[in-house]
Q: 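This is the structure I want to talk about, given as structure tokens.
In what follows, every chain begins at residue 1, and chains take the letters A, B, ... in the order their sequences are listed.
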Amino acid sequence: MAAPRAFLRLGAREWNGRARGIHGASESATPDRGQKKKTLLQFLSDHFRDVQALREYLLQKQLSKSNWKNRFQDKEWIRANERGSFPTEFLNFREVPVEAVDASGCTINYQGMSNLLPLKKLRSLSLERCPHVDDWCLGRLHLLAHSLQELSLAGCPQVSERGLACLHHLQ
Amino acid sequence: MFRRVLRLGLTPGRQNRGLRTRRGGFTLDWDAKVSDVKQKIECMMPGKQWGMPFDTSYLPPTQSDVVIIGGGILGLSVAFWLKKLESRRGAIRVLVVEQDHTFFFSQYSRASSTGPSVGGIWQQFSVPENVQLSRFSINFLRNINEHLAVVDAPLVDLRFSPSGCLLLASEKDAATLESNVNMQRQEGAKVCLMSPEQLRNKFPWINVEGVALASYGMEDEGWFDAWSLFEGLRRKVQSMGVLLYQGEVTRFITSSSQMETTSGEQVVLKRIHKVHVKINKSLEYQPVECSVVINAAGAWSGKVAELAGIGKGLPGTLQGTKLPVEPRKRYVHLWHCPQGPGLETPLVADINGVYFRREGLGSNYLGGCSPTEEEEPDPTNLEVDHDFFQNKVWPHLIQRVPSFKTLKVKSAWAGYYDYNTFDQNGVVGPHPLVVNMYFATGFSGHGLQHSPGIGRAVAEMVLEGEFKTIDMSPFFFNRFYLEEKLQEYRIL
């Protein structure tokens, strides 16, 4: 139970401000403080299953909003805001090489991968929970072999061991 | 009489059959007989459809627009594309005649080469059209469920392993390999050339002695499950309205006409009008009237072509040019080697024709070797010669991959190649003299991986009269008469 609890807590830091209106719970706990002192919200969710379910639901909603994140070289993540549109500074960064792409939960497919492949400095690619990423898409990743350091395919239902066998191109 | 009836009814233990079995001459199934006779009388009444006065549903139809001889992967692919490219739905009636619907692994006969195949697909060919065919086929296979989806049927799972294909070349073939790779790159295949040092770094289990250059296909190459493609095609083709029939073609009824060519020569053109389809294990046959016959009979295409009179003439003339496709037996061996190459193993094709690939996760490998002309095994049966592996395949395997010394052969099987003795490349297109027979055969081991492309090419030829997408004119029958070989650099 420790791991999911920690996860929730991280998310809790972000939306606890809003949750205040819903639950009427008072304090927001920072991750390190929360280990020592439980908040009222956590106490409630320990004891009432529907409160926990509600927290999980709100967390899911939060996650689904921050789907596509890019990180440019030496800069932090650029995320879509709540309505799914990117900030306008994004356009200023056209010349800057893209270092990390987080496409978890996206419905990216084989054709869509061709947009990712020209990113020659890509170091980290996260394709978690993409429903259409399958073995054929993995076969295309050899073009990123020189720069890619992290690849995450957790939760992709169509990837099989045959696709993973062809990841040997990535050093 | 009345007393007899009473006796029959009252005696216990005796089955009361009633009036109808009193004399013992009638059968028990009276009701069925009555309805049968009623149907026959109905047939003969004026105004009703004239049907045969006996049941013929076990025979193929009397008429069909296209008859495809051979129901393997090529025949079904042609049927699929014919139905897909027809101008309106239901425009073309297609009948596929296959000798052996079960395709099971019998020791003594197997009509189709699809089942026992290794299932590899690669784009590393020396003929540009072959590369284009491979590229089209791989795109087809990637979107297989868009093409072959049938309502209420399970999805086709090809189990494609995108592990690539590695071709090794010695000193004397290195230049050819390089020019081939350039050509393949122009066609859009992603192939890279590797030197022996790079090979050793990448695949530490390879012994690079004797290898001057290697070409490695990185994307869109690998192997897949041939049987699932075949089953998927069969389901789709049946749902599109193609009739699959199990039988044997024994005769063609043709008519000939004398024509004059532009240079004034007399030439005899033949046209096939009917195909006699014989039912298996019976003497009964059905003449099927057709307008186009497609010879996709694989290893047996030569025999079918002889039935149509192709090759009956003076040798050296167009009439005397036979279809040079004959069955050749090839073995595939499955072995287990725990110390063998790892998961990154591509389909490795060695210099002297030995090839192998991984199978699954459990250190199993499939492989074989194309024998030279002198060592051709006897094609009359499908018995596996295990000495062939010991003497011809294993030494080369050990030389290339030393860790294969400890391998253990688990099983082996044999299959036929529709081997083109002329240049080991396929024949596509109509015959110049028998005007309505089209060929889709002779691919000598590449038929499976090119089948979507070939099917589409033949369908375009039949429906439009020319090749619209991939130009397969180098594969015409004429080259056998004109002695122009379309040689492939290496066949597996």
Side-chain angles (χ1 to χ4, degrees), chain A residues 98 101 103-104 106-171, chain B residues 119-123 135 137-146 155-166 188-192 194 198-199 201-206 216-225 228 340-347 357-365:
Chain A
V98 178
V101 170
S104 16
C106 261
T107 50
I108 191 171
N109 66 357
Y110 185 85
Q111 250 74 29
M113 299 279 288
S114 53
N115 289 322
L116 290 178
L117 298 174
L119 302 171
K120 288 297 170 208
K121 294 261 175 72
L122 198 67
R123 282 214 247 143
S124 145
L125 178 61
S126 164
L127 292 170
E128 298 176 9
R129 296 183 307 279
C130 295
H132 299 299
V133 164
D134 58 1
D135 299 334
W136 300 86
C137 299
L138 293 188
R140 282 190 110 175
L141 286 178
H142 70 93
L143 290 168
L144 295 170
H146 296 290
S147 55
L148 200 63
Q149 280 168 13
E150 290 166 20
L151 174 67
S152 169
L153 294 166
C156 291
Q158 297 198 40
V159 169
S160 74
E161 77 276 7
R162 296 176 291 275
L164 296 179
C166 74
L167 290 180
H168 62 96
H169 292 290
L170 313 171
Q171 282 127 8
Chain B
I121 177 164
W122 58 90
Q123 281 115 42
R135 290 211 55 71
S137 301
I138 198 87
N139 285 326
F140 183 87
L141 292 178
R142 184 170 52 240
N143 302 319
I144 188 90
N145 281 313
E146 279 175 30
L155 292 178
V156 178
D157 176 22
L158 282 183
R159 288 191 276 272
F160 177 68
S161 294
S163 296
C165 178
L166 180 71
K190 299 183 186 62
V191 189
C192 73
M194 291 172 89
Q198 285 172 324
L199 258 188
N201 291 337
K202 180 90 186 170
F203 304 117
W205 37 264
I206 264 193
Y216 183 39
M218 299 197 293
E219 203 183 303
D220 288 346
E221 293 195 355
W223 56 87
F224 62 96
D225 183 16
S228 52
L343 272 185
E344 75 272 7
T345 322
L347 181 89
R357 66 155 171 96
R358 251 196 103 98
E359 169 71 30
L361 289 171
S363 308
N364 291 322
Y365 302 87

Q: When rounded to the nearest 0.5 angstrom, what distance separates CZ in A:Arg162 from CZ in B:Phe224?
A: 13.0 Å
Q: Is B:Asn143 close to A:Tyr110 at the side-chain level, that is, under 4.5 Å between some pair of heavy atoms?
A: no
Q: Please classify the contact between B:Tyr216 and chain A as side chain, backbone, both or neither, with a heavy-atom cut-off of under 4.5 Å.
A: side chain
Q: Check whether B:Arg358 gets within reach of chain A through its side chain, its backbone, both or neither, counting any heavy atom under 4.5 Å.
A: neither
Q: Between A:His168 and B:Phe203, what is the ring plane arrangement, given parallel below 30°, perpendicular above 60°, and tilted in between?
A: tilted
Q: Calculate, to the nearest 0.5 Å, the distance between atoms CE and CG belonging to B:Met218 and A:Leu143 respectively.
A: 6.5 Å
Q: Return the minimal non-hydrogen interatomic distance between A:Cys166 and B:Pro162, and the atom names on each side.
A: CB-O, 3.5 Å
